[in-house]
Amino acid sequence: MCGIVGYTGPREAFDILIEGLKKLEYRGYDSAGLALQDGDRIRVVKAAGSIAALEKRVRGQIKPLQVGLGHTRWATHGRPTDENAHPHLSCCGNFAVVHNGIIENYSALRDWLRDEKGHVFRSETDTEVLAHLLEEFYAGDLLEALRRTAEIVEGSYAMAALSAHEPGRLVCARKDSPLIIGLGEGENYIASDITALLSHTRRAYILEDGEFASVTAEEVKISRAGGEILQKEVFTVKWDAVAAEKGGYNHFMLKEIMEQPTAVRETLRQRIDTAAGRVNLNELNFAPEELCALEKIYIIACGTAYHAGLVGKYAIEKLAGLPVEVDLASEFRYREPILLKQKHLVITVSQSGETADTLAALRLARRKGVRVLAVTNVVGSSVAREADEVLYTRAGPEIAVASTKAYLTQLIALYLVALYLGDLRKALPSEEAARLVRDLDRLPGLLKQILAEERLSELRAYADRLARWENAFFLGRNLDYAVAMEGSLKLKEISYIHAEAYAAGELKHGPLALITEGIPVIVLATQESILDKTLSNIQEVNARGGAVFAVIPEGRGEIARQVEGAFYLPPVKDLLAPVLSAVPLQLIAYYAAVARGCSVDKPRNLAKSVTVE
Ligand code: F6R
């Protein structure tokens, strides 16, 4: 998740690019930069930090120039530093590139360019190889060089380039990452997102995978890899600027819920090998002996990330046979935990990587000589910098305060760790590991089924009824209990309905006294192995007049008949069910908050990143 904007025309490019980047800042904002054509050379200005900081630094320092590319970065490879910011230049400085996505074979390409072709690299990014490849392949036509580059790179990209050899021309291509060409009068644009262009044009070509574009002020030519020119329809944008930023959704939270299939796919990318049936976490530099010698793991986190940790505990204990303790960071740091060097490993889970309590817990573990693995979404965050090893979730920037896609990707990261440890410690038969790897690979597709429009209306109808209540309960057993806790947090934080989650078996030990006529009780019943037990709890609630809405496996119509409402999940292994069952709960919370007129993306009293105790 980064942002690209490009301009070619008679006006001053600097203002257009900076304004466009500011519109894209919500896509990622750890560093930014511009490349401007200046006669027979390219001027690049870029820096870590915000776009406003870059603007302040550069405004008035460069003469008016009319053609350029801009980029706002959300780091995936390499920390957010000046050098790693885009655009990237080739060795000779005549080719500049901006890129969104991940070049998966960048390491092999970089070795080839450096060792066999003598190129010198300045950054740690995957993107820089693109600039060097353009220089390597250039034979008088920039688009042709881009085609040859696209032929050998693997991964996902929206990439745009300019060259000092071809003034006035921008070229671009896409695969699995959005890119559009904005159409003006005597000027044209490139952007990863229409939001960047709305103050200039509402007319655009939408580039599809495998398509290339050559863009000058007078002309836009779109072609396929083989060079065949395409006649594309002009798309006219009807959204206003605010709606465009949210991808047409009313709230970032809904947009982020909808992004979950992609976020999960990205987090799995290159980390599972379905053919070999294995997990590949080569990015972690733990010695195998070190992981085999472990006797216990602590998972430490706050809020939603803590709830992800609870699922991680089940997964690691089941697949790796290793005891796991899950702790709230704010408790852990003040309770003098027993931390044993070489025997224990601490896993911190944090979307932002800046949560003060999580960071303090991490430091405590390291002071005691215990190694720390960070699961985080933000490259270069404090937690990422201070941990021994990092496993990044690749959810992209999460803007809504209520965490959704980050949670799902945290679950995925923890399943990967569990499978990895299970394999290494020989605790998991290889056939079972292979089955689970294949099941992980199916999750993005199953998530898409859950997010289909007709499924959303079922949940919206239920949430409208729930919105009239001031109290609600969530019940579940084992993994369903962990998800119930997350569902309850989601509901209370954005709709302000008081919600409690209970382990279903605990009902009789107190909470049953609260069940009165009509009170909403959301029951998670996805764990086939203990379904009968949860069904008994549903009967207990029914007998006291509670109104049960159950999340159940497909094909269990007999349960649906015993409850007021039900949401069916597509078939999935018990262990992986949380990835699917959390989604209807996110949507129920979202629709209930909307029905109650709450400020969904910025709930009262809450902040996205809790950097104070
Ligand atoms: C709830 C939510 C919070 C965060 C918590 C930890 O929707 O987002 O509970 O999960 O503040 O934040 P991170 O993951 O950034 O450490």
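Ligands are counted one by one from 1 in listed order, and the atoms in each one are counted from 1 as well. Just so you know, these numbers come straight off a predicted model, no measurement behind them. Residues take their numbers from the sequence shown, with the count starting at 1. Just so it is clear, the values below take in all heavy atoms, side chains as well, and ignore hydrogens, waters and symmetry mates.
Residues Glu354 and Val378 fail the side-chain proximity criterion, which asks for heavy atoms closer than 4.5 Å.
Looking only at protein heavy atoms, the nearest one to atom 10 (O) of ligand 1 is Thr304 N, 3.1 Å. When only non-hydrogen protein atoms are considered, atom 12 (O) of ligand 1 lies nearest to Thr355 OG1, 3.4 Å. For atom 11 (O) of ligand 1, the nearest protein heavy atom (residue, atom name, distance) is Val610 CG2, 4.0 Å. With hydrogens left out, the protein atom closest to atom 5 (C) of ligand 1 is Cys302 O, 3.6 Å, a heavy atom. Of all protein heavy atoms, the one closest to atom 15 (O) of ligand 1 is Ser352 OG, 2.6 Å.
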Derivation of the side-chain hydrogen bond (donor to acceptor under 3.5 Å, both in side chains) call for Asn537 and Arg477: CA-CA 10 Å; Asn537 300 124; Arg477 284 172 182 264; 3.0 Å; yes
CA sep, side-chain torsions, deciding dist, call: Thr72, Lys22, side-chain hydrogen bond (donor to acceptor under 3.5 Å, both in side chains): CA-CA 8 Å; Thr72 171; Lys22 283 184 180 165; over 6 Å; no
Trace of the side-chain hydrogen bond (donor to acceptor under 3.5 Å, both in side chains) decision for Thr393 with Asn377: CA-CA 5 Å; Thr393 53; Asn377 197 34; 3.1 Å; yes
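Here is the list of ligand 1 atoms found below 4.0 Å of a heavy atom in Glu493: 1 (C), 7 (O). Per-residue contacts place Ala305 under 4.0 angstrom from the following atoms of ligand 1 (heavy atoms of the residue considered): 10 (O), 14 (O). Residue Ala402 has at least one heavy-atom neighbour below 4.0 Å for each of these atoms of ligand 1: 7 (O). Near Gln351, the atoms of ligand 1 lying under 4.0 angstrom from a non-hydrogen atom of the residue are 13 (P), 14 (O), 15 (O), 16 (O).
Checked for salt-bridge contact, Arg596 and Glu470 meet the test: a charged N lies under 4.0 Å from a carboxylate O. Ionic pairing of Glu398 and Lys405 is not present here: no N-O contact between side-chain nitrogen and carboxylate oxygen is shorter than 4.0 angstrom. Here Arg366 does not pair with Glu386 in a salt bridge; the nearest charged N to carboxylate O distance is not below 4.0 Å.
Looking at residues two or more places apart in sequence or on another chain, you find a side chain to side chain contact (heavy atoms under 4.5 Å, CB included) between Arg455 and Ala452, Glu458, Phe567, Tyr568.
Residue Gln410 has no nitrogen or oxygen atom sitting less than 3.5 Å from a nitrogen or oxygen atom of ligand 1, judged on distance alone.
The closest approach between Val401 and ligand 1 falls below 4.0 Å for a heavy atom of the residue. Assignment of Lys490 to the shell around ligand 1 is supported, since a heavy atom sits closer than 4.0 Å.
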